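Please read the structure below before turning to the comments.
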Amino acid sequence: MKRLRRKTVRAGLAAPLPVMVLGLVFSLAGTAAAEQEAASADSAPPTVLITGTSRGIGLAFAEWYAEQGWNVVATCRTPERADDLNALAAEYANLSVELLDVTREDHIRALADRHAGQPIDLLINNAAILGTLPEQSLGGLDYDRFEQTMAVNVYAPLRLSEALADNVEAAGGKIVAITSGVASLTLMGRMRGLYFYRMSKSALNMGWRALRTDLKPRGVAVLLISPGMVDTRLLRESGYTGEALTTEESAAGMAEIIADATLDDPGLPINVDGRVLPW
Ligand SMILES: NC(=O)c1ccc[n+]([C@@H]2O[C@H](COP(=O)([O-])OP(=O)(O)OC[C@H]3O[C@@H](n4cnc5c(N)ncnc54)[C@H](OP(=O)(O)O)[C@@H]3O)[C@@H](O)[C@H]2O)c1
């Protein structure tokens, strides 16, 4: 089993320390039972729900938030085969693995039912597929594969976010989608191929702007974050051979951006290094 390297970019993301201190003060003061109950409710760790945590960036996100003390709902489509994720769950009592194939409406409904009424501070729509190069090259475009790519990369994050919007609103939380620089018209240059992946991420960007317009008045921040070039199976399948971040570096960098984001941020796609990606 591959062990993830541990890296903590910034403490205090979830501000667990001040809340713990608050809890201590309350208990030392011997407050009434009602106050203690309120204190323990206040000190409950924040909850993050992440898609596609069996490997890659999703797995690194799961470990990063688990280390920070968050309550982590790490979803994946085949928990019985997610060895690295199951090892994390064995290590962290605050991390639970839940079944979610993001293309399955019944899975989304069951997940939403299980978490009905529970505040979710952060929803990270991470799962995506790239597809192969030949099936996305002109002359060989495979439209069934296009449909599948759109189902995973575009329809699913929207459907899941719609299903869990009340949970995130209850927490005054954030909904993140992981986008990509290949969605940018400006950065397109002479790059060829990858029609489906590019088009899916561009559609995701627009969907996220629409979602932001709807959810901002409800106190939910809707964010687009790009992880940079990250050494994962997805990147290797793209044929890229240049320098890349580790999954841990990328997840920690994105977590920092997410923590700093506010409701009033303009909702532009932000790269892991903090740069705004041009549309
Ligand atoms: N790596 C990069 O350089 C890079 C650059 C830009 C953007 N991104 C974005 O970053 C995110 C993570 O990518 P990655 O590089 O970590 O990719 P990855 O290593 O290929 O991991 C993709 C994850 O998505 C899951 N997944 C795929 N289809 C799913 C489905 N139907 N239901 C649930 N989970 C599903 C996979 O689960 P299985 O194990 O079950 O297949 C896996 O856990 C994606 O949104 C990707 O577009 C990555």
Side-chain angles (χ1 to χ4, degrees), residues 2 4 49-64 73-86 88 97-108 110-111 123-132 136 145 147-161 175-184 187 191 194 196-205 207-208 223-251 253-255 257-258 269-273 275 277:
K2 179 170 71 69
L4 292 174
L49 190 148
I50 311 163
T51 66
T53 58
S54 58
R55 56 190 162 88
I57 296 167
L59 180 66
F61 264 137
E63 178 163 29
W64 198 90
V73 182
T75 70
C76 70
R77 60 177 160 171
T78 46
E80 66 281 6
R81 290 208 303 268
D83 294 344
D84 290 342
L85 181 60
N86 289 324
L88 273 191
V97 178
E98 293 197 24
L99 171 68
L100 178 63
D101 179 331
V102 294
T103 63
R104 293 272 301 266
E105 199 180 346
D106 57 332
H107 284 192
I108 290 182
L111 181 88
L123 167 59
I124 302 181
N125 291 280
N126 165 78
I129 55 173
L130 176 78
T132 68
Q136 299 183 67
R145 191 64 170 165
E147 185 59 39
Q148 195 188 351
T149 306
M150 293 298 283
V152 179
N153 297 5
V154 185
Y155 312 154
L158 187 58
R159 181 175 279 154
L160 181 65
S161 301
I175 299 182
V176 174
I178 306 300
T179 186
S180 166
V182 303
S184 165
L187 300 177
M191 281 191 284
L194 284 182
F196 309 153
Y197 185 69
R198 286 177 195 289
M199 292 171 77
S200 71
K201 291 293 184 180
S202 295
L204 177 72
N205 287 355
W208 242 239
L223 313 171
L224 279 168
I225 316 271
S226 172
M229 306 300 254
V230 189
D231 183 17
T232 65
R233 190 189 300 177
L234 183 145
L235 188 68
R236 289 190 287 277
E237 284 169 358
S238 76
Y240 177 83
T241 54
E243 287 192 358
L245 299 171
T246 65
T247 54
E248 294 84 357
E249 287 167 342
S250 177
M254 287 191 284
I257 290 171
I258 293 167
I270 309 289
N271 196 47
V272 65
D273 60 8
R275 278 181 308 135
L277 285 174

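Model, not experiment: these values are computed from the prediction. Just so it is clear, the values below take in all heavy atoms, side chains as well, and ignore hydrogens, waters and symmetry mates. For this chain, numbers begin at 1 and follow the sequence in order. Numbering of ligands and ligand atoms starts at 1, following listing order.
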For this session: Verify, without hydrogens or angle tests, whether Asn126 (side chain) and Thr51 (backbone) share a donor-acceptor contact under 3.5 angstrom.
Result: yes
Exercise. Side chain of Ser238, backbone of Leu235: donor and acceptor closer than 3.5 Å?
Worked result: yes
Problem set entry | side-chain contact (heavy atoms from CB on, under 4.5 Å) partner of Glu237, the single match among Ile129, Leu130, Thr132 | Leu130
Problem set entry | Note, Ser184 side chain near Leu277 side chain (heavy atom, < 4.5 Å) | no
Seminar exercise, completed: Distance filter under 4.0 Å, heavy atoms only, around ligand 1 gives Gly52, Ser54, Arg55, Gly56, Ile57, Arg77, Leu100, Asp101, Val102, Thr103, Asn126, Ala127, Ala128, Ile129, Val152, Ile178, Thr179, Ser180, Tyr197, Lys201, Pro227, Gly228, Met229, Val230, Thr232, Arg233, Leu234, Leu235
Problem set entry | Validation row: Tyr197, Asn153 side chains within 4.5 angstrom (heavy atoms) | yes
Seminar exercise, completed: Sorted by chain and residue number, the side-chain contact (heavy atoms from CB on, under 4.5 Å) partners of Pro157 (sequence neighbours excluded) come out as Asn125, Leu204, Trp208
